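To find a chain, count down the sequence lines: A is the first, B the second, and so on, and within it residues start at 1. Quick caveat: nothing in here was measured; it's all calculated off a predicted structure. Both backbone and side-chain heavy atoms feed into the values below; hydrogens, waters and symmetry mates do not.
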Number of protein chains: 2
Amino acid sequence: MTPSAKVDQQHSMEPRDHGQHDHGACVLSALERARTAFGDKGIKLTPLRQRVFEEIAGSHDALGAYEVLDRMARKSGERLAPISVYRAIDALLAAGVVHRIESKNAFFACHAPHQGQERHIALVCERCQTVIEVSGADIFAAMETASAACGFKLSLAVAEGSGLCPACATLPTIAQATGMVTQP
Amino acid sequence: MTPSAKVDQQHSMEPRDHGQHDHGACVLSALERARTAFGDKGIKLTPLRQRVFEEIAGSHDALGAYEVLDRMARKSGERLAPISVYRAIDALLAAGVVHRIESKNAFFACHAPHQGQERHIALVCERCQTVIEVSGADIFAAMETASAACGFKLSLAVAEGSGLCPACATLPTIAQATGMVTQP
DNA sequence: TACCGAATGATACATCATTGCATTAACGGG
DNA sequence: CCCGTTAATGCAATGATGTATCATTCGGTA
């Protein structure tokens with residue numbers, strides 16, 4: 001991790017990088033974990049799937065399928081059919097290297113592997129869009145308890161949140177401080 | 001779905017009826033609560049909003065916006081524009097008399113009011129589609145705890161589940177074993 | 001009356017996701 | 001090596017969900 005990181009500036013649209021973060025290295029390690037996951041599950045990490053994964057992992061955001069499509073088209077000049085991206089995403093979901101955020105119809109890459117069987121929940125920053133995952137064992141246990149208490153046999157649980165990530169939460173609220181909001 | 005079928009069991013116009021359940025009365029009381037909720041919040045329960053609410057409340061399912069649209073069109077012969085339904089639903093959401101299920105892009109009516117500030121979670125039956133709500137205080141508390149533990153300032157939490165409702169969970173499973181099509 | 005704002009209507013478009021079928025790549029057995 | 005099977009991809013169309021924009025109506029009210 002060289003502190004003199006050559007920062008990838010090509011994604012001019014993202015307000016990424018509060019805090020410094022070796023993005024290249026982080027994507028590479030994600031890719032390495034993906035290879036392992038695919039290997040373990042006996043699914044093939046094809047070039048297309050890898051490209052899609054890199055696109056998703058290369059943003060810490062949750063990306064919609066069409067956003068992935070757009071970004072890949074911008075890079076390669078060739079626009080895939082939506083179904084191709086969806087199929088690739090299906091494989092990535094099956095391998096467990098990306099997850100879906102139901103409340104956003106979008107997908108994000110695990111950047112920390114889920115060791116063991118522990119369930120996690122996704123937290124989406126409303127300001128910088130970054131997605132982080134936190135352990136959700138207690139949450140899912142509580143959902144199970146609440147369901148069982150009324151006789152409901154829970155088979156699938158969804159839990160996700162949005163708000164401000166640690167970095168954004170501690171930021172001074174510039175707009176308010178400078179009074180620059182034009183309309184109340 | 002076969003359009004030829006006279007009886008579209010799942011989405012035909014009414015009676016559901018696991019156990020006995022006075023549907024008319026239940027919709028009326030939902031409507032009464034809706035009136036109160038709209039009054040309390042200073043929002044108007046217009047005829048259109050009421051029609052949409054009746055459609056949603058008249059099913060214990062979660063309905064998609066287009067499903068509401070279809071049902072209303074079948075009844076009145078006039079097909080609204082999608083936006084009209086979405087606007088009505090927005091008002092119903094604002095009044096708190098319907099909720100959205102993120103994982104289904106669908107909406108359902110509260111059939112038991114949320115007394116006090118208590119948060120609830122929706123549980124959707126995979127067999128009969130009925131939605132029930134259960135208290136989710138522990139769940140949301142756990143989400144808050146998990147978020148706070150990593151410095152995330154949670155402002156919106158989504159938790160929902162699917163599985164088998166009490167009625168369906170206790171049904172003999174023979175039907176599944178024999179591959180028979182079953183009805184709620 | 002004239003005006004204002006909220007609600008609705010109407011058209012179009014944007015976004016999310018799948019179906020069906022044709023084509024190509026990958027791989028193992030003759 | 002060829003062939004057959006299966007997985008993966010390409011391609012066109014369509015379904016499903018949701019929004020932007022602008023026009024119109026309607027109820028209150030100054």
Side-chain angles (χ1 to χ4, degrees), chain A residues 34-35 38-39 41-53 55-56 61-74 76-95 97-108 124 129 158 160 183, chain B residues 1-3 10-11 34-35 38-39 41-53 55-56 61-73 76-95 98-108 129 158:
Chain A
R35 264 191 260 280
F38 272 84
K41 294 223 166 52
I43 315 174
K44 271 172 289 191
L45 180 54
T46 65
L48 179 62
R49 291 168 182 178
Q50 180 169 331
R51 280 211 290 150
V52 169
F53 179 70
E55 210 55 70
I56 296 176
D61 299 0
L63 298 184
Y66 280 65
E67 177 65 26
V68 172
L69 210 50
D70 290 345
R71 290 181 182 211
M72 288 174 67
R74 254 177 258 138
S76 73
E78 297 275 307
R79 189 176 182 83
L80 291 170
I83 186 66
S84 297
V85 168
Y86 278 104
R87 286 194 284 222
I89 289 174
D90 283 344
L92 297 170
L93 288 169
V97 298
V98 307
H99 300 305
R100 179 185 171 89
I101 299 187
E102 299 293 343
S103 52
K104 295 188 43 160
N105 298 326
F107 308 89
F108 70 97
V124 184
Q129 321 306 323
V158 171
E160 46 203 40
Q183 292 289 342
Chain B
M1 265 178 225
T2 59
Q10 210 48 258
H11 289 118
R35 264 190 260 279
F38 272 83
K41 293 223 168 51
I43 315 174
K44 271 174 287 191
L45 180 54
T46 64
L48 179 62
R49 290 168 183 178
Q50 180 169 331
R51 278 211 291 151
V52 169
F53 179 69
E55 210 56 69
I56 296 176
D61 299 1
L63 299 184
Y66 280 69
E67 178 66 24
V68 172
L69 209 50
D70 290 346
R71 293 182 180 210
M72 288 174 67
S76 74
E78 297 274 308
R79 191 177 181 81
L80 291 170
I83 186 67
S84 296
V85 169
Y86 278 105
R87 286 194 284 223
I89 289 174
D90 284 344
L92 297 170
L93 288 168
V98 307
H99 300 306
R100 178 186 171 89
I101 299 187
E102 299 293 344
S103 52
K104 294 189 45 162
N105 298 328
F107 308 89
F108 69 98
Q129 321 305 322
V158 170

### Message
Holding to side-chain hydrogen bond (donor to acceptor under 3.5 Å, both in side chains), I want the full list of residues that pass it with B/D90, two or more places apart in sequence or in another chain.
### Response
none
### Query
Which is true for B/R51 with a 4.0 Å heavy-atom rule: it touches a base, it touches only sugar-phosphate, or it touches nothing?
nothing
## Note on the structure
Under a 4.0 Å heavy-atom criterion, DNA chain D is touched by chain B from D/dT17 to D/dA20
### Message
Tell me whether A/E160 contacts the main-chain N or O of A/S103 through its side chain, where contact means a donor paired with an acceptor under 3.5 Å.
### Response
yes
### Nearest heavy-atom neighbours spanning A/L69 and A/L80
CD1-O, 3.5 Å
### Query
Partners of A/F108 by ring-ring contact (aromatic ring centres under 6.0 Å, His included), sequence neighbours excluded?
A/H99
#### Entry: Residues in side-chain hydrogen bond (donor to acceptor under 3.5 Å, both in side chains) contact with B/R51, at least two apart in sequence or another chain
none
### Query
Where is the tightest heavy-atom contact between A/L63 and A/E55, given as atom of each residue plus distance?
CD1-O, 3.6 Å
#### Entry: Closest non-hydrogen atom pair, B/A106 against B/G64
CB-N, 3.9 Å
### Query
Between which nucleotides of DNA chain C, read 5' to 3', does contact with chain B run, using atoms under 4.0 Å from its heavy atoms?
C/dA7 to C/dT11
## Note on the structure
Under a 4.0 Å heavy-atom cutoff, the residues of residues 80-89 of chain A touching DNA chain D are A/L80, A/I83, A/S84, A/R87
### Task
Using side-chain hydrogen bond (donor to acceptor under 3.5 Å, both in side chains) as the criterion, list what pairs up with A/R87, not counting sequence neighbours.
none
## Note on the structure
With sequence neighbours left out, the residues meeting side-chain hydrogen bond (donor to acceptor under 3.5 Å, both in side chains) with A/S84 are none
### Task
Could you pull out all residues at least two apart from A/F38 that satisfy side-chain contact (heavy atoms from CB on, under 4.5 Å)?
A/I43, A/L45, A/R49, A/A91, A/L92, A/A95, A/V97
### Message
Applying a 4.0 Å non-hydrogen cut-off, can you work out what A/R100 is touching in the nucleic acid: base, sugar-phosphate, or nothing?
### Response
sugar-phosphate
